[in-house]
**Student:** 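Submitted below is the structure of interest, expressed as C-alpha coordinates.
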Protein chains: 2
Amino acid sequence: MDIDRSSPTPAYVQLADLLREQISAGRYPQGAVLPPEDGIGRLYGVGRTSVRRAIAVLLHEGLIVTGRGTQAQVRAQPERTMLGIAGSDQVVARMPTPPEARRLALTAGVPVLEVTRTDGSVEVFPADRYGAHGE
Amino acid sequence: MDIDRSSPTPAYVQLADLLREQISAGRYPQGAVLPPEDGIGRLYGVGRTSVRRAIAVLLHEGLIVTGRGTQAQVRAQPERTMLGIAGSDQVVARMPTPPEARRLALTAGVPVLEVTRTDGSVEVFPADRYGAHGE
DNA sequence: CTTGATTTGTACGTATGTATT
DNA sequence: AAATACATACGTACAAATCAA
(Lines give C-alpha, C1' and ligand atoms only; values in the text may rest on other atoms or scores of the structure.)
Protein backbone atom coordinates (compact mmCIF):
# COMPACT_ATOMS: atom_id res chain seq x y z
CA MET A 1 0.00 0.00 0.00
CA ASP A 2 1.20 3.44 -0.85
CA ILE A 3 0.61 7.17 -0.52
CA ASP A 4 -1.22 8.71 -3.48
CA ARG A 5 0.13 12.20 -3.91
CA SER A 6 -2.47 13.10 -6.52
CA SER A 7 -5.32 12.28 -4.13
CA PRO A 8 -7.20 15.12 -2.44
CA THR A 9 -6.84 13.17 0.82
CA PRO A 10 -3.83 14.61 2.67
CA ALA A 11 -0.73 12.43 2.87
CA TYR A 12 -0.84 12.36 6.66
CA VAL A 13 -4.46 11.12 6.65
CA GLN A 14 -3.59 8.40 4.16
CA LEU A 15 -0.62 7.41 6.30
CA ALA A 16 -2.75 7.36 9.46
CA ASP A 17 -5.25 5.13 7.62
CA LEU A 18 -2.49 2.75 6.57
CA LEU A 19 -1.02 2.51 10.06
CA ARG A 20 -4.48 2.07 11.61
CA GLU A 21 -5.21 -0.80 9.24
CA GLN A 22 -1.97 -2.50 10.14
CA ILE A 23 -2.71 -2.13 13.83
CA SER A 24 -6.22 -3.52 13.58
CA ALA A 25 -4.98 -6.30 11.30
CA GLY A 26 -2.64 -7.45 14.04
CA ARG A 27 0.54 -6.42 12.27
CA TYR A 28 1.19 -4.33 15.40
CA PRO A 29 -0.56 -5.99 18.35
CA GLN A 30 -1.16 -4.37 21.74
CA GLY A 31 2.10 -3.23 23.26
CA ALA A 32 3.97 -3.48 19.98
CA VAL A 33 6.33 -0.69 19.02
CA LEU A 34 5.98 1.17 15.74
CA PRO A 35 9.09 1.95 13.66
CA PRO A 36 10.83 5.27 14.36
CA GLU A 37 9.42 8.35 12.68
CA ASP A 38 12.23 8.67 10.17
CA GLY A 39 11.91 4.98 9.32
CA ILE A 40 8.18 5.36 8.67
CA GLY A 41 8.97 8.42 6.57
CA ARG A 42 11.42 6.49 4.41
CA LEU A 43 9.02 3.54 4.13
CA TYR A 44 6.21 5.68 2.75
CA GLY A 45 8.16 8.49 1.14
CA VAL A 46 6.87 11.34 3.30
CA GLY A 47 8.59 13.91 5.49
CA ARG A 48 8.78 13.74 9.24
CA THR A 49 6.13 16.44 9.54
CA SER A 50 3.56 14.20 7.87
CA VAL A 51 4.61 11.16 9.89
CA ARG A 52 4.20 13.13 13.10
CA ARG A 53 0.77 14.36 12.04
CA ALA A 54 -0.34 10.82 11.21
CA ILE A 55 0.89 9.63 14.60
CA ALA A 56 -0.92 12.52 16.27
CA VAL A 57 -4.15 11.36 14.61
CA LEU A 58 -3.81 7.86 16.05
CA LEU A 59 -2.79 9.33 19.40
CA HIS A 60 -6.00 11.36 19.59
CA GLU A 61 -8.02 8.32 18.60
CA GLY A 62 -6.61 6.61 21.67
CA LEU A 63 -4.96 3.92 19.56
CA ILE A 64 -1.34 4.51 20.52
CA VAL A 65 0.75 6.17 23.19
CA THR A 66 3.89 8.20 22.61
CA GLY A 67 6.75 9.50 24.69
CA ARG A 68 9.96 11.39 24.29
CA GLY A 69 12.81 9.11 23.35
CA THR A 70 10.53 6.12 22.90
CA GLN A 71 8.82 4.96 19.75
CA ALA A 72 5.05 5.01 19.50
CA GLN A 73 3.43 2.00 21.09
CA VAL A 74 0.05 0.37 20.50
CA ARG A 75 -2.15 1.08 23.50
CA ALA A 76 -3.19 -1.79 25.74
CA GLN A 77 -6.89 -1.36 26.44
CA PRO A 78 -7.45 -1.76 30.19
CA GLU A 79 -10.43 -3.54 31.70
CA ARG A 80 -13.43 -1.33 32.33
CA THR A 81 -15.07 -1.15 35.72
CA MET A 82 -18.81 -0.65 35.37
CA LEU A 83 -20.43 2.07 37.45
CA GLY A 84 -24.00 1.70 38.61
CA ILE A 85 -26.28 4.51 37.45
CA ALA A 86 -29.51 5.10 39.35
CA GLY A 87 -32.57 6.44 37.57
CA SER A 88 -31.98 10.06 38.42
CA ASP A 89 -28.20 10.00 37.98
CA GLN A 90 -26.89 11.54 34.78
CA VAL A 91 -23.83 10.60 32.75
CA VAL A 92 -22.14 12.68 30.09
CA ALA A 93 -18.86 12.14 28.26
CA ARG A 94 -16.43 14.84 27.13
CA MET A 95 -12.75 15.51 26.73
CA PRO A 96 -11.00 16.34 29.99
CA THR A 97 -9.88 19.79 31.03
CA PRO A 98 -6.10 20.05 31.54
CA PRO A 99 -6.29 19.85 35.35
CA GLU A 100 -8.50 16.76 35.07
CA ALA A 101 -6.06 15.18 32.64
CA ARG A 102 -3.24 15.74 35.13
CA ARG A 103 -5.22 14.56 38.13
CA LEU A 104 -6.43 11.37 36.45
CA ALA A 105 -3.12 10.80 34.64
CA LEU A 106 -4.93 10.65 31.31
CA THR A 107 -3.10 10.17 28.07
CA ALA A 108 -4.31 11.91 24.92
CA GLY A 109 -7.39 10.47 23.27
CA VAL A 110 -9.11 9.41 26.49
CA PRO A 111 -12.47 11.07 27.31
CA VAL A 112 -13.92 11.35 30.80
CA LEU A 113 -17.26 10.18 32.15
CA GLU A 114 -18.92 12.82 34.30
CA VAL A 115 -21.51 11.37 36.65
CA THR A 116 -23.96 13.73 38.35
CA ARG A 117 -25.75 12.07 41.25
CA THR A 118 -29.22 12.85 42.49
CA ASP A 119 -27.83 14.96 45.31
CA GLY A 120 -25.94 17.14 42.85
CA SER A 121 -22.50 15.69 43.57
CA VAL A 122 -20.30 15.19 40.54
CA GLU A 123 -17.64 12.55 39.94
CA VAL A 124 -15.30 12.28 36.97
CA PHE A 125 -13.85 9.01 35.70
CA PRO A 126 -11.40 8.11 32.92
CA ALA A 127 -13.51 6.61 30.14
CA ASP A 128 -10.90 3.98 29.24
CA ARG A 129 -11.17 2.37 32.67
CA TYR A 130 -14.81 2.97 33.51
CA GLY A 131 -18.15 2.42 31.86
CA ALA A 132 -21.70 2.55 33.20
CA HIS A 133 -24.82 0.44 33.46
CA GLY A 134 -28.24 1.00 34.98
CA GLU A 135 -29.13 -0.42 38.35
CA MET B 1 -0.26 37.91 30.19
CA ASP B 2 2.73 36.70 28.26
CA ILE B 3 4.70 33.71 27.03
CA ASP B 4 7.67 32.78 29.23
CA ARG B 5 10.36 31.47 26.92
CA SER B 6 12.52 30.34 29.82
CA SER B 7 9.75 28.12 31.21
CA PRO B 8 9.92 24.37 30.65
CA THR B 9 6.27 24.54 29.60
CA PRO B 10 6.18 24.70 25.79
CA ALA B 11 5.15 27.99 24.21
CA TYR B 12 2.17 26.40 22.47
CA VAL B 13 0.88 24.97 25.78
CA GLN B 14 1.22 28.34 27.47
CA LEU B 15 -0.59 29.96 24.56
CA ALA B 16 -3.37 27.36 24.67
CA ASP B 17 -3.72 28.04 28.40
CA LEU B 18 -3.98 31.79 27.80
CA LEU B 19 -6.58 31.42 25.07
CA ARG B 20 -8.57 28.90 27.14
CA GLU B 21 -8.63 31.32 30.07
CA GLN B 22 -9.89 34.11 27.86
CA ILE B 23 -12.61 31.88 26.47
CA SER B 24 -13.81 30.71 29.87
CA ALA B 25 -13.59 34.27 31.18
CA GLY B 26 -16.07 35.38 28.54
CA ARG B 27 -13.58 37.41 26.53
CA TYR B 28 -14.58 35.15 23.64
CA PRO B 29 -18.15 33.93 24.23
CA GLN B 30 -19.83 31.08 22.36
CA GLY B 31 -19.78 31.73 18.65
CA ALA B 32 -17.13 34.42 18.91
CA VAL B 33 -14.32 34.44 16.41
CA LEU B 34 -10.68 34.36 17.50
CA PRO B 35 -8.15 36.63 15.80
CA PRO B 36 -6.39 35.22 12.73
CA GLU B 37 -3.38 32.97 13.33
CA ASP B 38 -0.81 35.53 12.28
CA GLY B 39 -2.48 38.14 14.46
CA ILE B 40 -2.33 35.84 17.49
CA GLY B 41 1.29 35.16 16.64
CA ARG B 42 2.14 38.86 16.61
CA LEU B 43 0.17 39.44 19.82
CA TYR B 44 2.13 36.84 21.76
CA GLY B 45 5.40 36.84 19.88
CA VAL B 46 5.31 33.25 18.62
CA GLY B 47 5.48 31.73 15.16
CA ARG B 48 2.51 30.45 13.26
CA THR B 49 3.54 26.86 14.00
CA SER B 50 3.05 27.41 17.72
CA VAL B 51 -0.22 29.26 17.21
CA ARG B 52 -1.54 26.36 15.15
CA ARG B 53 -0.46 23.84 17.78
CA ALA B 54 -2.19 25.84 20.51
CA ILE B 55 -5.35 26.00 18.41
CA ALA B 56 -5.12 22.26 17.78
CA VAL B 57 -5.05 21.71 21.55
CA LEU B 58 -8.28 23.66 22.05
CA LEU B 59 -9.80 21.94 19.03
CA HIS B 60 -9.19 18.51 20.53
CA GLU B 61 -10.62 19.67 23.84
CA GLY B 62 -13.81 20.42 21.96
CA LEU B 63 -13.60 24.11 22.87
CA ILE B 64 -13.42 25.59 19.38
CA VAL B 65 -14.12 24.71 15.79
CA THR B 66 -11.93 25.56 12.83
CA GLY B 67 -12.32 25.67 9.10
CA ARG B 68 -10.40 26.52 6.01
CA GLY B 69 -10.52 30.22 5.28
CA THR B 70 -12.45 30.99 8.46
CA GLN B 71 -11.00 31.99 11.80
CA ALA B 72 -11.35 29.67 14.78
CA GLN B 73 -14.69 30.00 16.49
CA VAL B 74 -15.76 29.21 20.05
CA ARG B 75 -17.96 26.13 19.98
CA ALA B 76 -21.61 26.45 20.91
CA GLN B 77 -22.39 23.58 23.26
CA PRO B 78 -25.61 21.95 22.05
CA GLU B 79 -28.31 20.64 24.36
CA ARG B 80 -27.92 17.04 25.41
CA THR B 81 -30.68 14.51 24.93
CA MET B 82 -30.66 11.98 27.76
CA LEU B 83 -30.83 8.30 26.86
CA GLY B 84 -32.50 5.82 29.19
CA ILE B 85 -30.22 3.03 30.34
CA ALA B 86 -31.79 -0.15 31.65
CA GLY B 87 -30.06 -2.20 34.33
CA SER B 88 -28.38 -4.60 31.96
CA ASP B 89 -27.50 -2.04 29.30
CA GLN B 90 -23.90 -0.91 29.21
CA VAL B 91 -22.45 2.44 28.23
CA VAL B 92 -18.85 3.21 27.37
CA ALA B 93 -17.27 6.37 25.95
CA ARG B 94 -14.38 6.56 23.52
CA MET B 95 -13.10 8.57 20.61
CA PRO B 96 -14.83 7.76 17.32
CA THR B 97 -13.34 5.72 14.53
CA PRO B 98 -13.00 7.69 11.27
CA PRO B 99 -16.09 6.13 9.64
CA GLU B 100 -18.11 6.93 12.76
CA ALA B 101 -16.85 10.50 12.74
CA ARG B 102 -18.00 10.85 9.15
CA ARG B 103 -21.34 9.14 9.67
CA LEU B 104 -22.20 11.21 12.75
CA ALA B 105 -20.68 14.41 11.32
CA LEU B 106 -18.47 14.77 14.39
CA THR B 107 -16.01 17.57 14.78
CA ALA B 108 -12.68 16.97 16.48
CA GLY B 109 -12.74 16.67 20.24
CA VAL B 110 -16.14 14.99 20.46
CA PRO B 111 -16.24 11.47 21.94
CA VAL B 112 -18.99 8.92 21.27
CA LEU B 113 -21.26 7.06 23.66
CA GLU B 114 -21.52 3.38 22.80
CA VAL B 115 -24.62 1.76 24.23
CA THR B 116 -24.83 -2.03 24.30
CA ARG B 117 -28.36 -3.24 24.96
CA THR B 118 -29.35 -6.44 26.69
CA ASP B 119 -30.01 -8.15 23.38
CA GLY B 120 -26.46 -7.41 22.21
CA SER B 121 -27.40 -4.61 19.82
CA VAL B 122 -25.04 -1.64 19.83
CA GLU B 123 -25.83 2.02 19.18
CA VAL B 124 -23.36 4.88 18.93
CA PHE B 125 -24.20 8.51 19.79
CA PRO B 126 -22.25 11.77 19.63
CA ALA B 127 -21.35 12.61 23.23
CA ASP B 128 -21.87 16.35 22.78
CA ARG B 129 -25.56 15.84 21.95
CA TYR B 130 -26.39 12.84 24.09
CA GLY B 131 -25.97 11.79 27.69
CA ALA B 132 -27.47 8.96 29.71
CA HIS B 133 -29.47 8.30 32.85
CA GLY B 134 -30.79 5.16 34.52
CA GLU B 135 -34.40 4.14 34.19
C1' DC C 1 28.22 4.70 35.91
C1' DT C 2 29.16 7.41 31.95
C1' DT C 3 29.19 8.13 27.28
C1' DG C 4 27.27 8.23 22.90
C1' DA C 5 23.68 7.10 19.68
C1' DT C 6 18.88 7.02 18.88
C1' DT C 7 14.43 9.01 18.99
C1' DT C 8 10.85 12.02 20.07
C1' DG C 9 9.42 16.99 21.29
C1' DT C 10 9.57 21.88 20.33
C1' DA C 11 9.98 25.79 17.20
C1' DC C 12 11.23 28.23 13.46
C1' DG C 13 10.87 29.41 8.34
C1' DT C 14 9.15 28.76 3.50
C1' DA C 15 6.17 27.51 -0.15
C1' DT C 16 1.96 26.12 -2.17
C1' DG C 17 -2.94 24.86 -2.30
C1' DT C 18 -7.76 25.81 -1.21
C1' DA C 19 -11.78 27.86 0.92
C1' DT C 20 -13.99 31.97 2.42
C1' DT C 21 -14.98 36.82 2.38
C1' DA D 1 -11.43 39.11 -9.22
C1' DA D 2 -8.71 40.00 -5.26
C1' DA D 3 -7.53 39.74 -0.59
C1' DT D 4 -7.67 37.14 3.51
C1' DA D 5 -6.94 33.05 6.13
C1' DC D 6 -6.57 28.34 7.08
C1' DA D 7 -4.49 23.53 5.51
C1' DT D 8 -0.80 20.81 3.86
C1' DA D 9 4.04 19.72 3.50
C1' DC D 10 8.67 20.21 3.08
C1' DG D 11 13.22 21.33 5.55
C1' DT D 12 16.32 22.81 9.50
C1' DA D 13 17.96 23.15 14.16
C1' DC D 14 18.20 22.21 18.82
C1' DA D 15 16.46 20.27 23.36
C1' DA D 16 15.28 16.42 26.16
C1' DA D 17 14.47 11.67 27.25
C1' DT D 18 15.65 6.91 26.52
C1' DC D 19 18.56 3.09 25.61
C1' DA D 20 22.65 0.42 24.65
C1' DA D 21 27.63 -0.10 24.79
Side-chain angles (χ1 to χ4, degrees), chain A residues 2-19 28 31-60 63-75 98 101-102 105-109, chain B residues 2-19 28 31-60 63-75 98 101-102 105-109:
Chain A
D2 220 8
I3 305 287
D4 176 10
R5 305 311 286 247
S6 72
S7 163
T9 303
Y12 78 89
V13 175
Q14 293 185 50
L15 179 52
D17 290 343
L18 291 174
L19 294 174
Y28 298 108
V33 165
L34 300 193
E37 293 173 354
D38 60 350
I40 296 177
R42 276 193 303 275
L43 272 174
Y44 294 96
V46 297
R48 194 183 160 208
T49 308
S50 298
V51 175
R52 286 187 60 74
R53 293 197 65 177
I55 286 183
V57 168
L58 304 181
L59 181 67
H60 286 115
L63 263 182
I64 61 176
V65 290
T66 64
R68 201 170 217 152
T70 63
Q71 291 150 242
Q73 201 175 358
V74 179
R75 242 171 92 82
R102 279 191 299 272
L106 294 178
T107 59
Chain B
D2 218 8
I3 305 287
D4 176 10
R5 305 312 285 247
S6 71
S7 163
T9 304
Y12 79 90
V13 174
Q14 293 185 50
L15 179 53
D17 291 343
L18 292 173
L19 294 174
Y28 297 108
V33 166
L34 300 193
E37 294 173 353
D38 60 349
I40 296 177
R42 277 193 303 274
L43 272 175
Y44 294 95
V46 297
R48 194 180 160 214
T49 308
S50 298
V51 174
R52 285 186 61 74
R53 294 194 64 176
I55 286 183
V57 169
L58 304 181
L59 180 68
H60 286 114
L63 263 181
I64 61 176
V65 290
T66 64
R68 204 167 215 154
T70 64
Q71 292 151 241
Q73 202 176 357
V74 179
R75 240 171 94 82
R102 279 191 300 272
L106 296 178
T107 59

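Quick note on labels: first sequence line is chain A, next is B, and so on, each numbered from 1.
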**Student:** Once salt bridge (charged side-chain N to carboxylate O under 4.0 Å, His left out) is applied, what residue pairs with a partner in residues 4-19 of chain A remain, sequence neighbours excluded?
**Tutor:** D17(A)-R20(A)
**Student:** Holding to salt bridge (charged side-chain N to carboxylate O under 4.0 Å, His left out), I want the full list of residues that pass it with R53(A), two or more places apart in sequence or in another chain.
**Tutor:** none
**Student:** Can you tell me how far CD1 of I3(B) sits from CD of Q14(B), rounded to the nearest 0.5 angstrom?
**Tutor:** 5.0 Å
**Student:** Taking all atoms of both residues into account, what is the closest heavy-atom pair of A16(A) and A54(A), and its distance?
**Tutor:** N-CB, 3.7 Å
**Student:** Describe, as an angle rounded to 10 degrees, how the axis at the first end of the helix from dT2(C)-dA21(D) to dT21(C)-dA2(D) is tilted relative to the axis at the last end, five pairs per end.
**Tutor:** 10°
**Student:** Any N/O pairs under 3.5 Å between the protein and nucleotides 9-11 of chain C? List them or say none.
**Tutor:**
{"residue": "dG9(C)", "atom": "OP1", "partner": "T66(A)", "partner atom": "OG1", "Å": "3.3"}
{"residue": "dG9(C)", "atom": "OP2", "partner": "R52(A)", "partner atom": "NH1", "Å": "2.7"}
{"residue": "dG9(C)", "atom": "OP2", "partner": "R52(A)", "partner atom": "NH2", "Å": "3.2"}
{"residue": "dG9(C)", "atom": "O4'", "partner": "R68(A)", "partner atom": "NE", "Å": "3.4"}
{"residue": "dG9(C)", "atom": "N7", "partner": "R48(A)", "partner atom": "NH2", "Å": "2.7"}
{"residue": "dG9(C)", "atom": "O6", "partner": "R48(A)", "partner atom": "NH1", "Å": "3.4"}
{"residue": "dT10(C)", "atom": "OP1", "partner": "Y12(B)", "partner atom": "OH", "Å": "3.0"}
{"residue": "dT10(C)", "atom": "OP2", "partner": "Y12(B)", "partner atom": "OH", "Å": "3.3"}
{"residue": "dT10(C)", "atom": "OP2", "partner": "R53(B)", "partner atom": "NH2", "Å": "2.6"}
{"residue": "dA11(C)", "atom": "OP1", "partner": "A11(B)", "partner atom": "N", "Å": "2.6"}
{"residue": "dA11(C)", "atom": "OP2", "partner": "A11(B)", "partner atom": "N", "Å": "3.3"}
{"residue": "dA11(C)", "atom": "OP2", "partner": "Y12(B)", "partner atom": "N", "Å": "3.4"}
{"residue": "dA11(C)", "atom": "O3'", "partner": "R5(B)", "partner atom": "NH2", "Å": "3.4"}

**Student:** Just to verify, what does L59(B) make a side-chain contact (heavy atoms from CB on, under 4.5 Å) with, not counting sequence neighbours?
**Tutor:** I64(B), T66(B), A108(B)
**Student:** Taking any atom under 4.0 angstrom from a heavy atom of chain B, which nucleotides of DNA chain D are the first and last to qualify, 5' to 3'?
**Tutor:** dA5(D) to dT8(D)
**Student:** Listed by chain and number, what are the side-chain hydrogen bond (donor to acceptor under 3.5 Å, both in side chains) partners of T107(A), not counting sequence neighbours?
**Tutor:** R75(A)
**Student:** For residues 31-46 of chain B, which side-chain N or O atoms pair as donor and acceptor with protein atoms under 3.5 Å away, sequence neighbours left out?
**Tutor:**
{"residue": "E37(B)", "atom": "OE1", "partner": "R48(B)", "partner atom": "NE", "Å": "2.6"}
{"residue": "E37(B)", "atom": "OE1", "partner": "R48(B)", "partner atom": "NH2", "Å": "3.0"}
{"residue": "E37(B)", "atom": "OE2", "partner": "R52(B)", "partner atom": "NH1", "Å": "2.8"}
{"residue": "Y44(B)", "atom": "OH", "partner": "Q22(B)", "partner atom": "NE2", "Å": "2.7"}

**Student:** Identify which one of V65(B), L63(B), V74(B) satisfies the side chain to side chain contact (heavy atoms under 4.5 Å, CB included) criterion when paired with L58(B).
**Tutor:** L63(B)
